[in-house]
Colleague: 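One structure coming up, written as structure tokens, with questions to follow.
Letters A, B, ... mirror the listed sequences (proteins, then strands); counts begin at 1.
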2 protein chains.
Amino acid sequence: MATIRDVAKLADVSVSTVSLALSNPARVSQKTLEKIRHAVAAVGFVADPLAQSLARGRSRMIGFVVGNVGNPFFGDIRRELENYALDHSHFVLVTDSSGKTVRERAMVEHLIGLKTAGLALAPSGHDQDYLDFIGGLNVPIVCFDQKVAGIERDFVGSDNHLAGAMLTEHLLQLGHRRIAFITGPSHMHTATERYRGFTDTMANAGVEVNPNFVVDGQFTRTAGYEAAMRLLIQPERPTAILGANNTVALSALQAMQELGFRCPEDISLAMIDNVQWSSVITPRITMVVQDTLALGGIIARRLLHRITNPQGAVEPPQDFVLTPKFVPGNSCRRI
Amino acid sequence: MATIRDVAKLADVSVSTVSLALSNPARVSQKTLEKIRHAVAAVGFVADPLAQSLARGRSRMIGFVVGNVGNPFFGDIRRELENYALDHSHFVLVTDSSGKTVRERAMVEHLIGLKTAGLALAPSGHDQDYLDFIGGLNVPIVCFDQKVAGIERDFVGSDNHLAGAMLTEHLLQLGHRRIAFITGPSHMHTATERYRGFTDTMANAGVEVNPNFVVDGQFTRTAGYEAAMRLLIQPERPTAILGANNTVALSALQAMQELGFRCPEDISLAMIDNVQWSSVITPRITMVVQDTLALGGIIARRLLHRITNPQGAVEPPQDFVLTPKFVPGNSCRRI
DNA sequence: TGATTAAATCGAACCGGTTCGATCAAACTG
DNA sequence: CAGTTTGATCGAACCGGTTCGATTTAATCA
């Protein structure tokens with residue numbers, strides 16, 4: 001591999017001039033610029049990104065940290081960010097914490113060690129120690145999906161309260177009263193907000209929520225399945241189930257199918273967040289989806305704005321909250 | 001951030017001794033080792049991975065390059081690799097080429113620039129220039145999924161010919177003769193092998209393949225949908241459709257549903273590779289699945305073996321081919 | 001006990017860039 | 001035309017580690 005010194009020697013200028021010419025051509029005379037360009041081409045010089053990062057104290061890499069890259073929600077956002085970053089000569093490193101807080105922190109630390117230019121982070125951790133850690137980082141960070149109280153950073157997400165409310169209202173309109181709710185982890189903002197949307201709407205409608213109809217699905221497949229089963233074996237069953245996310249809702253659908261309940265004839269089902277191949281799942285689930293493309297776009301632009309305008313570090317963090325969209329399916333029947 | 005020089009100063013030894021103590025404690029006396037340990041703890045020293053990589057010419061990162069991290073097939077493998085790597089103090093950088101050859105190459109180049117310790121690569125590119133590029137890299141590489149002629153590297157994958165043959169035989173056993181096949185890109189080994197498995201089995205059974213029943217789905221959703229539509233609008237329709245991968249098969253299912261065909265009553269369907277939530281898709285598709293956990297485990301072990309035994313670079317590349325598994329569903333009916 | 005060898009430690013060069021103050025010639029000011 | 005700017009270039013220090021040959025210290029042997 002050719003180094004900058006090879007170029008300097010061939011162009012008969014100093015190393016510092018080559019470096020300057022490459023990073024700020026305007027400050028070098030036309031003549032030497034030409035010489036250097038030729039030399040670069042002749043030896044096939046490509047700057048070592050590692051050495052650059054070490055010297056500059058910053059790399060051109062962006063860290064992307066989520067709990068599950070396989071989730072199409074995160075996948076769409078990742079793609080948007082990647083495209084935008086690539087167009088601005090940045091490179092996205094994807095890491096997956098599997099939803100584990102310790103691992104998430106380890107990955108963030110790793111990325112920071114790599115002197116990443118910025119971080120797009122869907123936080124799952126919540127203890128004070130972690131918050132302080134994130135807050136103390138001197139790197140542009142855009143948080144998304146989970147709004148965490150205590151993290152003073154840009155945030156991009158959806159109106160989760162509204163998402164829960166929309167589906168609840170829909171079920172109420174169809175005449176449902178015995179509506180069950182499968183929640184997510186109580187430390188997750190999306191989970192609590194969606195649940196609040198549910199309870200608020202029920203209260204507004206003057207319908208009491210049966211405490212047995214609220215079960216914890218942890219946003220995971222196994223917990224969601226178990227929670228759904230608990231709902232389904234009750235003597236007085238709900239007429240509709242509202243899943244706080246795609247995973248728990250589909251786990252519920254599976255449980256229903258296995259027990260021989262038909263959807264929507266026996267029990268209606270609705271969920272928040274889309275899933276791959278939802279169009280071929282029978283019945284098509286009525287859902288509220290987030291505008292992942294828009295979210296990804298905002299995250300990307302905001303993050304790169306912060307990265308390329310370091311002086312604007314004083315710019316106060318801002319929240320971007322998008323309105324989710326209702327997508328009717330045929331999993332909810334009128335009763 | 002504390003540097004190694006801070007440690008050296010505090011421990012009253014030279015920088016080189018600190019470095020040695022950290023990388024090879026056995027070669028340092030007990031006494032100084034203690035002093036250094038204390039100093040490290042006192043100043044909170046953590047080695048800068050960038051500086052280490054630059055000096056060593058190698059980092060402790062592993063590059064993972066696939067066409068679609070959202071695909072659960074790759075997701076499972078990624079998880080296995082990640083777990084194993086983490087246990088061996090390596091860190092996985094995930095990159096997604098979106099199936100684009102140019103981007104794939106750019107990502108590999110980027111990872112090489114980062115002096116990654118090794119690469120797990122599901123290659124999609126195929127031009128000679130790219131092959132030479134891969135072949136010329138002086139880094140441990142384990143290829144998987146796609147066996148590419150011309151890449152002399154370890155390879156981990158499944159018996160794709162058998163996968164195609166298994167499903168074809170199953171359909172033949174059920175009495176089907178008018179079997180359609182939705183292929184993948186002809187430059188992909190998995191696609192051609194699965195197709196060969198189909199045609200060979202058909203030939204062995206003495207059943208002629210109707211050329212109109214072989215359509216190209218490109219392994220993508222849009223092309224798969226279009227291909228399926230082409231099959232379904234023919235006056236003489238197939239009685240069964242075999243999708244060369246999950247994407248094209250489910251696209252076919254969607255097309256069937258939209259045109260009002262029932263599966264399996266009107267047309268049977270089978271596919272290669274699982275998909276998330278296949279258990280709630282109606283009907284449950286009969287499929288042949290790869291043992292993703294085993295594949296991931298082999299990839300991980302092989303790659304880390306190569307990384308930690310650099311002297312064994314002479315060890316010739318080896319192929320690991322696993323047998324896929326038949327998973328019956330209810331999407332294929334006897335006729 | 002002096003010579004030989006092994007173990008522990010050190011100094012300096014190096015990895016491949018960036019950055020900033022110094023230098024010097026050319027251009028501008030009054 | 002002396003004095004000051006301005007622009008181009010350079011040298012050296014630096015980022016934060018690693019590595020290897022040299023040197024010092026300790027242990028072994030005759």
Colleague: Apply salt bridge (Lys or Arg N to Asp or Glu O under 4.0 Å) to A/Asp129 and A/Arg105, showing your working.
Modeller: CA-CA 11 Å; A/Asp129 191 42; A/Arg105 175 164 182 163; 3.1 Å; yes

Colleague: Check whether any side-chain N or O of A/Thr95 sits under 3.5 Å from a backbone N or O of A/Phe64 as a donor-acceptor pair, and report yes or no.
Modeller: yes

Colleague: Under a 3.5 Å cutoff, is there a donor and acceptor pairing between the side chains of B/Ser16 and B/Ser19?
Modeller: no

Colleague: Indicate whether the side chain of B/Thr190 and that of B/Gln146 have a donor and an acceptor atom separated by less than 3.5 Å.
Modeller: yes

Colleague: Parallel under 30°, tilted from 30 to 60°, perpendicular over 60°: which one fits the rings of A/Phe155 and A/His189?
Modeller: perpendicular

Colleague: Using a 4.0 Å cut-off on protein heavy atoms (strictly under), produce a 5'-to-3' string for nucleotides 4-10 of chain C with B for base contact, S for backbone-only sugar-phosphate contact, and - for none.
Modeller: ----SBB

Colleague: Might you work through the salt bridge (Lys or Arg N to Asp or Glu O under 4.0 Å) test for B/Lys115 and A/Asp48, ending with a clear yes or no?
Modeller: CA-CA 10 Å; B/Lys115 301 199 172 42; A/Asp48 183 330; 2.6 Å; yes

Colleague: Anything under 4.0 Å to a heavy atom of chain B counts; send over the first and last such nucleotide of DNA chain D, read 5' to 3'.
Modeller: D/dG16 to D/dT19

Colleague: Give the C-alpha distance, both sets of side-chain angles, the deciding distance and a yes or no for salt bridge (Lys or Arg N to Asp or Glu O under 4.0 Å) between B/Asp319 and B/Lys147.
Modeller: CA-CA 9 Å; B/Asp319 281 8; B/Lys147 173 75 184 171; 3.2 Å; yes

Colleague: If you take any heavy atom closer than 4.0 Å to DNA chain D, which residues from residues 34-52 of chain B end up in contact?
Modeller: B/Phe45, B/Val46, B/Ala47, B/Asp48, B/Ala51, B/Gln52

Colleague: What does A/Ser19 touch in the nucleic acid at a heavy-atom separation under 4.0 angstrom: a base, only the sugar-phosphate, or nothing?
Modeller: base

Colleague: Does a salt bridge link B/Asp6 with B/Lys9, judged by any charged N lying under 4.0 Å from a carboxylate O?
Modeller: no

Colleague: Cationic tip of A/Arg302 within the cone over A/Phe320's six-membered ring, i.e. under 6.0 Å and within 45° of the normal?
Modeller: no

Colleague: Can you confirm if the aromatic rings of B/Phe144 and B/Phe73 lie within a centre distance of less than 6.0 Å?
Modeller: no

